[in-house]
Amino acid sequence: MKQGNVSLRAPEPEDLEVMLSFENDAALWELGTATGPYSRYQMKRYIAENQNDLYADGQLRLMIVCEKQGVAGIVDVFSFDARHNRAEVGIVVRKDLRGQGVAQAALSLLESHCFSLLGLRQLYAYVPVGNVASRKLFTSAGYTERGILKDWIRVGSSYQDVCFFQKVNEL
């Protein structure tokens, strides 16, 4: 899957270090369900054993690659619900490549794959209210902000609101 100089591909063994750098970034843990760091062993096993098939694994993780800069980030489809044909989207891009359209291109490629090949009907994302860049990304990608979920994520000893974004594939 490729758009301009951005492509998506399955994780490879040589992606171990970059995957660990994202997964073990404690600043990103508040956005997900991680409660601690992953070991090299755990990540190696994930790369080796994951089929990278949404239907088999219940998630799809793809590496975002820029032609000149190499691995630029990771995009995930998870919380897959086969009965209702929907899944959640998560995306993270290296700090030095943010604001350059990398996330926009990666999200577009992912949507095309999910809607056309995988037959999903909906993709959705939870974005902290204060994450203006991510809110702009999803809005510009055609996601609709459906509402604010109060006190949805815990950050330290307090709770923060998130925006719920949804994109429906209009068959």
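Quick note: numbers below take in every heavy atom, side chains included, and nothing from hydrogens, waters or symmetry partners.
In this structure, the ring pair (Phe, Tyr, Trp, His ring centres under 6.0 Å) partners of Tyr55, at least two apart in sequence or on a different chain, are Phe80. Listed by chain and number, the residues in a side chain to side chain contact (heavy atoms under 4.5 Å, CB included) with Arg83 are Asp81 (sequence neighbours excluded). Every residue meeting the side chain to side chain contact (heavy atoms under 4.5 Å, CB included) condition with Gln59, not counting sequence neighbours, appears here in chain and number order: Tyr46, Arg61, Asp76, Phe78. Residues passing the side chain to side chain donor-acceptor pair (under 3.5 Å) test with Gln122, sequence neighbours excluded: Gln166. Residues satisfying the side chain to side chain contact (heavy atoms under 4.5 Å, CB included) criterion with Ala48, sequence neighbours excluded, are absent altogether. Taking Lys2 as the reference, Glu67 meet the salt bridge (charged side-chain N to carboxylate O under 4.0 Å, His left out) condition, with sequence neighbours excluded. Qualifying side chain to side chain contact (heavy atoms under 4.5 Å, CB included) partners for Glu49, counting only residues two or more places apart in sequence or in other chains: Arg45.
Contact detail for Ala72 and Val102: the closest heavy-atom pair is CB-CG1, 3.9 Å. Annotation for Met63 and Pro11: closest pair CG-CA, 3.7 Å, computed over non-hydrogen atoms. Across all non-hydrogen atoms, the minimal contact from Asn52 to Leu62 is ND2-CD2, 3.5 Å.
Residue pairs meeting the side chain to side chain donor-acceptor pair (under 3.5 Å) criterion with at least one partner in residues 128-140, sequence neighbours excluded, are Gln104-Ser140, Asn131-Ser134, Arg135-Glu145. Screening residues 146-155 for salt bridge (Lys or Arg N to Asp or Glu O under 4.0 Å) gives Lys150-Asp161 as the qualifying pairs, with residues at least two apart or on separate chains.
Between Val162 and Val127, the closest side-chain pair of non-hydrogen atoms is not below 4.5 Å. Taking the side chain as every heavy atom from C-beta outward, Leu120 and Asn169 never approach each other to under 4.5 Å. Under the 4.5 Å side-chain criterion, counting only non-hydrogen atoms from C-beta, Val18 is not in contact with Ile74.
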Atom pairs and distances, donor-acceptor, side-chain atoms in residues 106-113, under 3.5 Å, two or more places apart:
from: Ser108; atom 1: OG; to: Gln3; atom 2: OE1; distance (Å): 3.1
from: Glu111; atom 1: OE1; to: Lys167; atom 2: NZ; distance (Å): 2.8
from: Glu111; atom 1: OE2; to: Tyr143; atom 2: OH; distance (Å): 3.1

Which pairs would a plain distance check flag for residues 86-101, meaning a side-chain donor or acceptor within less than 3.5 Å of a matching protein atom at least two apart in sequence or in another chain?
from: Arg94; atom 1: NE; to: Asp96; atom 2: OD1; distance (Å): 3.0
from: Arg94; atom 1: NH1; to: Gln69; atom 2: O; distance (Å): 3.0
from: Arg94; atom 1: NH1; to: Val71; atom 2: O; distance (Å): 2.8
from: Arg94; atom 1: NH2; to: Asp96; atom 2: OD2; distance (Å): 2.8
from: Arg98; atom 1: NE; to: Val93; atom 2: O; distance (Å): 2.7
from: Arg98; atom 1: NH2; to: Val93; atom 2: O; distance (Å): 3.0
from: Gln100; atom 1: NE2; to: Asp96; atom 2: O; distance (Å): 3.0

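Under the 6.0 Å cut-off for aromatic ring centres, Tyr159 and Trp152 do not qualify, their centroids lying 6.0 Å or more apart.
To the nearest 0.5 Å, atom CG of residue Leu16 and atom OH of residue Tyr41 are 13.5 Å apart. The distance from atom CD of Gln42 to atom CG of Leu20, rounded to the nearest 0.5 Å, is 9.5 Å. Interatomic distance, Asp57 CG to Asn50 CG, rounded to the nearest 0.5 Å: 4.0 Å. Separating the CG atom in Asp15 from the CD1 atom in Ile47 is a distance of 6.0 Å, to the nearest 0.5 Å.
Under a 3.5 Å cut-off, the side chain of Asn85 and the backbone N or O of Arg121 do not form any donor-acceptor pair.
In the hydrophobic clustering, Ile148 connects to Val129, either directly or through intervening members, whenever side-chain heavy atoms lie under 4.5 Å apart.
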Next item on the list: Go through the steps for Asp53 and Leu60 under the test side-chain contact (heavy atoms from CB on, under 4.5 Å), then give the verdict.
Entry: CA-CA 6 Å; Asp53 179 329; Leu60 176 64; over 6 Å; no

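Hydrophobic clustering keeps Val168 apart from Phe164 (ILVMFWY residues linked when any side-chain heavy atoms are closer than 4.5 Å, directly or through intermediates).
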